[in-house]
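Okay, so here's the structure we're looking at.
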Amino acid sequence: MNSRISPQISIPLGELTLRLSSTPRGARLARRLTVQQLDAWGHPHDTEVSENAQHVVAELAANAVTHGRVQGRDFGLRLLLLPEGVLRVEVSDERADRGLRIVPGSEEAEGGRGLVLVAVLARTWGVTERETGKTVWAELPLS
Ligand SMILES: Nc1ncnc2c1ncn2[C@@H]1O[C@H](COP(=O)(O)OP(=O)(O)OP(=O)(O)O)[C@@H](O)[C@H]1O
Ligand SMILES: [Mg+2]
């Protein structure tokens, strides 16, 4: 029997999980609800932590409702307050692009800035494939 506890598993101090409509309105709501939740966790709307989280959520939600949208399906937002002083943001969509490569700055001049911003603001970020669709996640330092 393996009784080792993985050091990678940390139990969140707080969690918000939502499903929102895959529309511009849903994306705006994701940002607004993030502000409220961070305020409740002690990071008011005008703090650097809240502003960074707002930018990250706004970009990931915008991507979910444009590039990741599947007709009639919601997207998911999850915020996790981790004990090591990290806010983890997860945005899930239903589009299961086979072999998808999400690369910051990969688009022509008009686009491709959203994930560059995410990469600058987040300590780490990445994409996890799910059974249907994927989760784009980012981890932000809380200090
Ligand atoms: N959720 C997603 N599903 C599918 N493809 C995605 C997703 N998020 C990003 N991508 C791909 O990665 C590219 C880069 O994303 P990024 O947000 O940086 O730029 P953009 O959305 O094209 O433009 P901008 O964010 O500057 O308006 C996108 O153009 C798209 O091809
Ligand atoms: Mg984008």
Looking at every non-hydrogen atom in both residues, tell me the closest pair between Pro44 and Ser50 and how far apart they are.
O-CB, 3.2 Å
Please name all residues satisfying side chain to side chain contact (heavy atoms under 4.5 Å, CB included) with Thr132, sequence neighbours left out, ordered by chain then number.
Glu94
Same cluster or not: are Leu16 and Val35 linked, directly or through other Ile, Leu, Val, Met, Phe, Trp or Tyr residues, by side-chain heavy atoms under 4.5 angstrom apart?
no
Can you tell me how far the CG atom of Leu142 sits from the CG atom of Leu13, to the nearest 0.5 Å?
9.5 Å
Walk me through it: do Lys134 and Asp93 pass the test salt bridge (Lys or Arg N to Asp or Glu O under 4.0 Å)?
CA-CA 6 Å; Lys134 61 201 173 290; Asp93 65 57; 2.5 Å; yes
First locate atom CZ of Arg95, then atom OG of Ser22, and finally report the distance between them rounded to the nearest 0.5 Å.
10.0 Å
Check whether any side-chain heavy atom of Trp125 sits under 4.5 Å from a side-chain heavy atom of Leu115, and report yes or no.
yes
First locate atom CG of Leu121, then atom CD of Gln54, and finally report the distance between them rounded to the nearest 0.5 Å.
11.5 Å
Is it the case that one hydrophobic cluster holds both Leu33 and Val49, taking links as side-chain heavy atoms less than 4.5 Å apart, direct or via other members?
yes
Side chain to side chain donor-acceptor pair (under 3.5 Å): which pairs involve residues 27-46, sequence neighbours left out?
none
Can you list the residues that meet the side chain to side chain donor-acceptor pair (under 3.5 Å) rule with Thr66, with sequence neighbours excluded?
none
Answer yes if Val127 and Val65 sit in the same cluster of Ile, Leu, Val, Met, Phe, Trp and Tyr residues linked by side chain heavy atoms under 4.5 Å apart, and no otherwise.
yes
Not counting sequence neighbours, which residues clear side chain to side chain contact (heavy atoms under 4.5 Å, CB included) with Val91? List them please.
Leu60, Ala64, Phe75, Leu77, Val89
To the nearest 0.5 Å, tell me how far Arg25 CZ sits from Ser21 OG.
7.0 Å
Check for a donor-acceptor pair, side chain of Arg19 on one end and backbone N or O of Asp74 on the other, with a separation under 3.5 Å.
yes
Those residues at least two apart in sequence (or on a different chain) that pass side chain to side chain donor-acceptor pair (under 3.5 Å) with Thr135 are Ser92, Arg130
Does a side-chain heavy-atom distance below 4.5 Å link Val86 with Leu140?
no
Is it true that the side chains of Glu51 and Thr47 contain a donor and an acceptor less than 3.5 Å apart?
no
Looking at residues at least two apart in the chain, or sitting in another chain, which of them share a side chain to side chain contact (heavy atoms under 4.5 Å, CB included) with Leu80?
Pro12, Glu15, Arg78, Leu82, Arg88, Glu90
CG/Leu38 to CG/Leu79 distance, rounded to the nearest 0.5 angstrom?
6.5 Å
